[in-house]
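The structure appears below as structure tokens.
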Amino acid sequence: MITKPNLPSTYEPYQHLTLCSNHLIGGGHLIQIGGSLPLLIGKGAIPQVWLQAPTDPSGKVFASLVSASVAAHPAVSVSTDDGALLVYAGGQLVLRVRQTNDQEAEVEALDLRPIGFNIYGDRKSLNAGGMLMSDNTVAGGGTFLAFGGG
């Protein structure tokens, strides 16, 4: 399970990451569920993605689906298209992210519902658990969305 004290050794956050029109500046984390970080997007020749999904009803046990932009589960595929990294779970697009320069990337599409999270969005807005967000900014290494204790 990926947590703040247990980040992958090759993970390096972008200086500016746009998540469905919302901005994470200065590093930080996109989503935290309890103590787990189910989605990391870091720098690389193409964006480096780590994605985990809950494996039990409590949501406390996670399985790796993607590790450093390589599928780690048979139901998941990772590909590139016109410079964007795409992640599919069960044939459904769950993530489309594009690096705009070596310090910035943009999540153009996100739909984590197929892997058990009610979080989805596009370039205009992000919907997380019924809360609609657009054009927000988190700076200084914080966490954009945090659910549960941890």
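As a basis for the values below, the full set of heavy atoms in this structure was taken, side chains included, without hydrogen atoms, waters or symmetry mates.
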request  = Can you label the angle between the Phe117 ring and the Phe62 ring as parallel, tilted or perpendicular, going by 30° and 60°?
outcome  = parallel

query = Parallel under 30°, tilted from 30 to 60°, perpendicular over 60°: which one fits the rings of Tyr11 and Trp50?
reply = perpendicular

message = Hydrogens and angles aside, do Gln103 and Lys43 bring a side-chain donor and acceptor to less than 3.5 Å of each other?
response = yes

query = So, Lys4 versus Gln32: side-chain donor-acceptor pair below 3.5 Å or not?
reply = yes

[Y] and [X], any side-chain heavy atoms less than 4.5 Å apart:
{"X": "Tyr14", "Y": "Ile41", "value": "yes"}
{"X": "Ser21", "Y": "Lys124", "value": "no"}
{"X": "Val138", "Y": "Ile25", "value": "no"}
{"X": "Gln52", "Y": "Ile2", "value": "yes"}
{"X": "Val49", "Y": "Leu95", "value": "yes"}
{"X": "Cys20", "Y": "Tyr120", "value": "no"}
{"X": "Pro8", "Y": "Leu40", "value": "yes"}
{"X": "Val94", "Y": "Val76", "value": "no"}

ask   = Is the closest basic N to carboxylate O distance between Arg98 and Glu106 below 4.0 Å?
value = no

Salt-bridge criterion met for Arg113 and Asp111 (N-O under 4.0 Å) = yes

query = Counting distance only, does the side-chain N/O of Glu12 pair as donor-acceptor with the main-chain N or O of Thr10 below 3.5 Å?
reply = no

query = Between Leu132 and Leu110, is there a shared hydrophobic cluster once you connect ILVMFWY residues whose side-chain heavy atoms come closer than 4.5 Å?
reply = no

ask   = What is the distance from atom CD of Glu108 to atom CG of Leu19, rounded to the nearest 0.5 Å?
value = 12.0 Å

note = To the nearest 0.5 Å, atom CG of Leu126 lies from atom CD1 of Ile31 at 7.0 Å

